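Beneath this line is the structure, given in structure tokens, with notes to follow.
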Amino acid sequence: MTGIVAQNVGRTSGLIKAASGGGGVWTLIKTLTSDGSDDDLSFVDGTDDVTLDSTYPIYLFKFINIHPETDNAEFQFNLSIDGGSNYNVTKTSTYFYTYIYESDAGAALTYNTTGDLAQSTAFQNIATNVGADNDQSVSGCLTIFSPSSTTFVKHWISQISNAHGSDLMTNPYTAGYGNTTSAVDAVQFKFSADEIQGGKIKLYGLKDSA
Amino acid sequence: MSGIIAQNTLDNSGLIKAQAGGGAWNFIKKLTASASGDLSFVDGTSDVVLDSTYKEYVFTLNNIHPADHSTSQYIRFQGSTDGGSNYNVTMTTTYFRAEHYESGSTSGFGYVGGADQAQGTSFQRISDPIGNENDECGCAILHLFNPSSTTFVKHFIVNAQIAEYNDRSINTYCAGCFNTTSAIDAVQFKMNSGNMDAGDICLYGLTT
């Protein structure tokens, strides 16, 4: 007898039966780790063990220390309805954020009229002016609701903590919808200029059953 | 040797160690709308758990689609302290939003004075009005903290994202508390008027 069973013989608590698929209602689907010179990081349903279909009603991307090659690049994403051949889904969105300078020179909560989209197929900024100093990066999360729906638009919500290129902390809140009734089956993240040079993006699915 | 240990002896998979306060989400109940006047979660009814088992509960509202198309098709919710007989708990709340027209004509951000409550017992609006064109819907995540407490008020936080009836993307943030020291043992969701024609609401309990 080995492993966790052996370690727990005689105990009457402390163990639970793993759910099929890994345990818990949040299932880790895929982790992409930047190799230091990525043009983008893309999650395509059915490719490299990525699931992005009707298996889960809600998907969550977590960004951990995404580091740009170039100062003041925008961290952004787009959706695909053709398995990643094109990332150009029409989107309408909002973008507001808080900021504070490291020097305490200013702090505010404000709407960003250049960060939102109106029926645009462009990539959606979810953090702007990311710093490229060695210790700077962005972290946060993005939730997508029912990407596989062929009835409804595809809502998403994102919140990021951003070490800004001008030495301030910003906290952008973006949300919107992919204005399509086609299933979204791929999501791509990149910077507006140059490479992703570090960090991880993790994709989770939320079950809606026991 | 008995119980789960015995059942799993020699298994080299299928067992994981229980988390020591790891914050795991546990699925409790899914309600699906179909021309529904409301969707209600009542502790002890239809497999719903909404008691001291968990200190935090999360409701996910997915693709809620209203029957009617008007300026008032908000999603609203209320709590109950008597097992769902009455949904009229006193609340104090805040509500703000970001909005952007598909035409690009207007965008904005601000507090919505008419959407909050100051010691009100009305159903609390948690979204802006959702359109009922075929592809329009709203989604939200609502956190309810320690509803079974008989000591403290009951805090909640909601983030909703909707396709509005007038072709706007609107992202709303509502938070507040049920101003009661009685346990909240039921929660009801409904539109401001008319039915929910489609969508679902799932209830999760968080192990803390």
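Computed from a predicted model, the values in this text were never measured in an experiment. These numbers come from the heavy atoms of this one structure, side chains and all, not from hydrogens, waters or symmetry mates. Here is how names work: the chains are called A, B, and so on, in the same order as the sequence lines, proteins then strands, and each is numbered from 1.
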Checklist line | side chain to side chain contact (heavy atoms under 4.5 Å, CB included) between A:Y177 and B:Q161, worked out | finding: CA-CA 8 Å; A:Y177 49 83; B:Q161 162 61 30; 3.7 Å; yes
Between [options], the one whose heavy-atom pairs under 4.5 Å with chain B are most numerous:
{"options": "A:T151, A:T90, A:T110, A:D116", "value": "A:D116"}
{"options": "A:I58, A:T180, A:I157", "value": "A:I157"}
{"options": "A:L109, A:T181, A:T150", "value": "A:L109"}

Next item on the list: Could you tell me whether the side chain of B:N171 reaches within less than 4.5 Å of the side chain of A:T174, counting heavy atoms only?
Entry: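 Not in contact.
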Note to self: Contact between A:H155 and B:C137 at the side-chain level, heavy atoms closer than 4.5 Å - yes or no?
What the structure shows: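 Sidechains of B:C137 and A:H155: in contact.
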Check: Of the backbone (N, CA, C, O) and the side chain (C-beta and beyond), which part of B:L203 lies under 4.5 Å from a heavy atom of chain A, both, or neither?
Finding: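 Neither part.
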Notebook entry, point to check: Given that the side chain runs from C-beta out, which part of B:D167 has a heavy atom under 4.5 Å from chain A: side chain, backbone, both or neither?
Noted result: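 The backbone, not the side chain.
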Next item on the list: Could you tell me which of B:C139, B:A198, B:S169 has the largest number of non-hydrogen atom pairs under 4.5 Å with chain A?
Entry: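 Max contact count across the listed options: B:S169.
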Checklist line | Greatest number of heavy atom pairs closer than 4.5 Å to chain A - which of B:I141, B:N26, B:I162 | finding: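 Going by pairs under 4.5 Å, I would pick B:I162.
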Interchain contact, [X] with chain B, by part (heavy-atom threshold 4.5 Å):
{"X": "A:S93", "value": "backbone"}
{"X": "A:S120", "value": "neither"}
{"X": "A:F96", "value": "side chain"}

Should we count [atom1] of [X] as having more than 12 external heavy atoms under 6.0 Å?
{"X": "A:K62", "atom1": "NZ", "answer": "no"}
{"X": "B:N166", "atom1": "CG", "answer": "yes"}
{"X": "A:D135", "atom1": "CG", "answer": "yes"}

Next item on the list: Please list, in residue-number order, every residue in residues 91-112 of chain B that has a heavy atom less than 4.5 Å from any heavy atom of chain A; write 'none' if there are none.
Entry: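 Hits under 4.5 Å: B:F96, B:A98, B:E99, B:H100, B:Y101, B:E102, B:S103, B:G104, B:S107, B:G108, B:F109.
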Notebook entry, point to check: Using non-hydrogen atoms and a limit below 4.5 Å, what part of residues 55-78 of chain B faces chain A?
Noted result: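 Expected list: B:T60, B:L61, B:N62, B:N63, B:H65.
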Notebook entry, point to check: Taking atom CG of A:L206 and atom OH of B:Y204, what is their separation to the nearest 0.5 Å?
Noted result: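 Answer for the CG-OH pair, A:L206 versus B:Y204, is 3.5 Å.
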